[in-house]
Each structure stands twice: as structure tokens, then as C-alpha cells.
Q: 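Once you've had a glance at the structure underneath, I'll fire off some questions.
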Amino acid sequence: MVDYTHRSPTVQHAAAPDAVAPEFNHPANDVNRPDPHNPINDQDEDSSVSDCESIVSADHSGTSAAPPLPFTGAGLMELEEGDKAHRFIKERFVSRLGALRAQVTVAAIHRSCSSSVAVTSRAQAFQVYSAAVQKKGGGDTANVRYAWYPASKEEVAKIFSYGFGYSGKPENSGLYGRGVYFAPDNHPLQSVESAPVDEDGLRHLLLCQVILGKSELIGFGSEQSHPNSEQYDSGVDDLSSPKRYIIWNTHINTHVLPEYVVSFRAPCCSRGNQNYLSCSTFCIDPCLCV
């Protein structure tokens with residue numbers, strides 16, 4: 001069973017597993033989450049917020065020359081390297097990068113710990129819509145999955161603070177319809193390649209829960225912007241082995257719950273070497289893009 005050890009101030013999650021699971025590419029609603037009709041746990045809210053504040057202050061109030069938090073004001077807390085969730089996410093992420101895995105270095109992993117009204121409301125909305133999609137489908141699951149989303153450092157802070165709506169692109173280059181694209185948790189490479197490089201040479205991926213419900217096939221070049229009928233909730237580029245989840249703009253702040261941020265360094269591009277990633281204007285890695 002998957003467990004990322006996320007303790008939202010509004011949603012209680014299970015404790016960290018005793019051993020790292022070999023796979024977590026199965027429905028995220030297998031995670032031991034509470035009844036969506038009772039999403040708030042006051043005791044967990046208090047402990048989660050205090051845990052967040054105490055760890056942040058402990059990490060940065062001492063005399064050591066610790067770097068400043070990269071997502072100040074975004075309600076994110078850096079996980080310790082010895083944390084089980086940190087180890088689990090890092091190992092899973094790197095192991096799925098193929099030939100690039102040896103050149104990728106995970107710099108930090110953060111998790112959401114905000115108790116703001118907006119953040120807690122979105123967490124509650126996610127639970128409500130998860131229950132609604134499950135009921136509509138007549139099954140025992142809303143098909144909630146973990147998925148990756150590439151973002152700049154500035155976008156990470158805005159998404160965790162305000163949601164995805166502010167950055168919704170009208171067409172996303174017209175690839176698979178007018179929605180927001182996520183990569184399945186066991187196929188992070190495409191998101192890695194799309195992640196912009198910040199001024200510190202870091203790239204960032206959000207690890208989110210997404211409500212897929214019943215997915216429909218979306219063809220390349222589609223201009224679709226919403227489900228074709230009420231029976232569908234999301235889109236995919238392949239029904240049997242999707243590399244893209246398409247969450248429509250109309251659903252983006254109810255069907256997506258960002259939980260973690262993985263910050264990492266990866267090699268810049270080198271012509272003729274498919275194992276290197278594209279650079280951006282902020283890239284400071286020692287490479288030449290020719």
C-alpha cells in the first residue's frame with residue numbers, strides 16, 4: 001500500500017510505512033485517508049501545524065549557515081533526508097529516469113503543511129469531489145492517482161498558495177486538448193524534461209494526487225477542452241499505458257491536490273546525447289548548448 005506520509009492540516013493520512021513499498025503506481029486512494037464526509041480532524045490539524053513550524057524553525061534558527069527556504073510563504077516544509085517519505089519518493093523518482101538516473105541529484109523534497117483557509121478548503125474540495133466521482137461511477141474507487149507536474153520555482157509557490165487556476169494555459173501547445181497535463185508517477189521523465197531550470201540550477205516537480213475517474217482517449221492535436229460526456233472525468237493519451245493524464249481546466253482546482261515538491265539537478269543539453277535535458281536561460285550548469 002502506498003503512503004507518502006503527508007499530514008495535511010485538513011486531511012489525516014496514515015503513518016509512514018515500516019518498509020518501502022516496491023511499487024506505488026496504483027490508485028492513490030489506496031492510501032489510508034479518512035472518510036471524505038468527515039475530512040477534518042482537529043487533533044491532526046493542531047499537531048500537523050505545530051510539526052511544520054517546529055521543524056522549519058529548528059532547521060533555520062541555529063548558527064549553521066543553512067540556505068534559506070526556496071519556497072518562503074508557500075506553506076511548504078523540507079523533509080529530512082532520513083525521513084521515510086523522503087527516501088521513498090527519492091528512490092522511486094530516480095529509479096524511473098532510465099539512463100538519466102546516474103546524472104540526476106535530488107537536492108530537496110518539500111511537503112505541504114499550510115493551514116490557510118484557501119489550502120484547507122481545496123483539500124476538503126478534493127475529498128468531496130473524490131467521493132462524488134466515485135458515486136457517479138458506481139464503483140468502489142474514484143481512480144485517484146499520484147502524478148508529476150513540472151513547474152518553475154515561482155509557479156510552485158503560487159500553486160501551493162493559490163491553486164492551479166492562475167496559470168492555466170489555453171491550449172498547452174495543442175498536443176492533447178486544452179487541459180493541464182500530468183505524468184503518471186512511474187513515468188517522470190517527460191515532466192523532468194519539461195521542468196525549467198531556476199537561477200540556482202534546480203528543477204522542480206510537484207507530486208500531486210489527481211482524480212481521474214473514468215478517462216477517455218484524447219488524440220494528438222485535439223482541441224477538446226472538457227469531457228465529451230458526463231460519464232468521463234479526465235483524458236489520457238493511451239488507455240492501457242498512459243504517459244499523460246489530462247485534467248481539464250474546469251476541474252483543475254477540484255481534481256488535483258499538490259502534496260510534495262521534488263527539487264533536483266540534472267545535466268543540461270548536449271547535442272546528440274538524448275540522456276541530457278534542455279537548458280533554459282537560467283541554466284548555470286557547466287555545459288554548452290550548441
Side-chain angles (χ1 to χ4, degrees), residues 23-30 92-93 96-100 125-126 129-130 132-152 155 159 163-196 203-258 266 269 274-278 280:
E23 292 287 336
F24 60 25
N25 186 36
H26 51 75
N29 61 335
D30 284 348
R92 173 68 174 183
F93 169 65
R96 294 292 175 169
L97 295 178
L100 190 66
F126 183 86
Y129 274 87
S130 177
V133 169
Q134 177 179 333
K135 182 177 180 180
K136 183 190 73 171
D140 59 356
T141 176
N143 196 16
V144 180
R145 303 269 177 166
Y146 279 99
W148 300 103
Y149 180 81
S152 68
E155 287 174 329
I159 288 171
F164 280 85
Y166 84 98
S167 62
K169 298 178 177 60
E171 296 187 20
N172 280 340
S173 302
L175 293 177
Y176 293 90
R178 302 181 183 186
V180 180
Y181 303 159
F182 295 82
D185 68 271
N186 64 337
H187 291 290
L189 187 57
Q190 185 170 333
S191 291
V192 167
E193 292 170 343
S194 303
R203 303 172 191 257
H204 310 281
L205 293 186
L206 275 62
L207 183 59
C208 309
Q209 290 192 61
V210 296
I211 301 172
L212 295 180
K214 184 174 182 179
S215 300
E216 60 181 307
L217 181 65
I218 306 299
F220 185 84
S222 171
E223 295 185 358
Q224 187 171 330
S225 60
H226 53 76
N228 266 324
S229 71
E230 291 187 0
Q231 68 174 311
Y232 296 114
D233 304 285
S234 63
V236 291
D237 61 342
D238 187 294
L239 290 175
S240 60
S241 181
K243 300 297 189 298
R244 289 181 179 87
Y245 297 148
I246 300 102
I247 305 297
W248 306 115
N249 289 336
T250 53
H251 296 0
I252 193 60
N253 275 322
T254 56
H255 287 53
V256 179
L257 184 65
C269 60
Q274 62 180 355
N275 296 330
Y276 283 72
L277 308 179
S278 60
S280 77

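In what follows, residues are counted from 1 in the order of the sequence shown. All heavy atoms count here, side chains included; hydrogens, waters and symmetry mates do not.
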Q: For a quick test of reading the model, state the closest non-hydrogen atom pair linking Ile247 to Ile211 and the distance between them.
A: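 Answer, listing the atom of Ile247 first, then Ile211: CD1-O, 3.9 Å.
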Q: So how far is it from Leu217 CG to Ser240 OG, rounded to the nearest 0.5 Å?
A: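 That separation rounds to 9.5 Å.
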Q: Would you compute the distance between atom CH2 of Trp248 and atom OG of Ser234 and round it to the nearest 0.5 angstrom?
A: 8.5 Å
Q: Gly163 and Asn253: which non-hydrogen atoms are nearest, and at how many Å?
A: CA-OD1, 3.4 Å
Q: Can you confirm whether Glu193 sits close enough to Pro150 that some side-chain heavy atom of one is under 4.5 Å from a side-chain heavy atom of the other?
A: no
Q: Would you call the rings of Trp148 and Phe93 parallel, tilted or perpendicular, where under 30° means parallel and over 60° means perpendicular?
A: tilted
Q: Side-chain contact, heavy-atom cut-off 4.5 Å: Ser191 with Leu189?
A: no
Q: Measuring only between side-chain heavy atoms, which start at C-beta, is Tyr149 closer than 4.5 Å to Pro258?
A: no
Q: Do Pro188 and Leu97 come within less than 4.5 Å of each other through their side chains, counting heavy atoms only?
A: yes
Q: Tell me, do Ile246 and Phe182 make a side-chain contact under 4.5 Å, heavy atoms counted?
A: no
Q: Ring centroid separation for Phe126 and His255, is it under 6.0 angstrom?
A: no
Q: Has Arg203 got a side-chain atom pairing as donor or acceptor with Ala195's backbone, closer than 3.5 angstrom?
A: yes
Q: Between Arg178 and His226, is any pair of side-chain heavy atoms under 4.5 Å apart?
A: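 Arg178 vs His226: side chains apart.
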Q: Could you check whether any side-chain heavy atom of Ile159 comes within less than 4.5 Å of a side-chain heavy atom of Leu206, counting everything from C-beta outward?
A: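 Answer yes - side chains close enough.
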Q: Taking atom types as modelled and ignoring hydrogens, do the side chains of Gln224 and Glu216 form a donor-acceptor contact shorter than 3.5 angstrom?
A: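 Note: Gln224 and Glu216 side chains meet the donor-acceptor criterion.
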Q: Can you tell me how far OH of Tyr245 sits from CG of Asn143, rounded to the nearest 0.5 angstrom?
A: 7.5 Å
Q: Show, in sequence, the C-alpha distance, side-chain angles and deciding distance for Asp185 and Arg92, and conclude whether the salt bridge (Lys or Arg N to Asp or Glu O under 4.0 Å) test is met.
A: CA-CA 9 Å; Asp185 68 271; Arg92 173 68 174 183; 3.3 Å; yes
Q: Of all the heavy-atom pairs spanning Pro184 and Pro242, show the shortest one and how long it is.
A: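 The pair with the smallest heavy-atom distance is CG-O, 3.3 Å.
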Q: Atom CD of Glu155 and atom CZ of Phe164: how far apart are they, to the nearest 0.5 Å?
A: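 Interatomic distance, Glu155 CD to Phe164 CZ, rounded to 0.5 Å: 9.5 Å.
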Q: Measure the acute angle between the ring planes of Phe220 and Tyr176, then classify it against the limits of 30° and 60° as parallel, tilted or perpendicular.
A: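 Answer is perpendicular, since the angle exceeds 60°.
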Q: Start with the C-alpha gap between Leu212 and Val144, add the side-chain angles, then the distance that decides, and say whether side-chain contact (heavy atoms from CB on, under 4.5 Å) holds.
A: CA-CA 6 Å; Leu212 295 180; Val144 180; over 6 Å; no
Q: Given Asp233 and Lys136, is the salt bridge (Lys or Arg N to Asp or Glu O under 4.0 Å) satisfied, shown in steps?
A: CA-CA 10 Å; Asp233 304 285; Lys136 183 190 73 171; 2.4 Å; yes
Q: Could you tell me whether the side chain of Asp237 reaches within less than 4.5 Å of the side chain of Ile218, counting heavy atoms only?
A: no
Q: Rounded to the nearest 0.5 Å, what separation is found between the CG atom of Asp238 and the OG atom of Ser215?
A: 11.5 Å
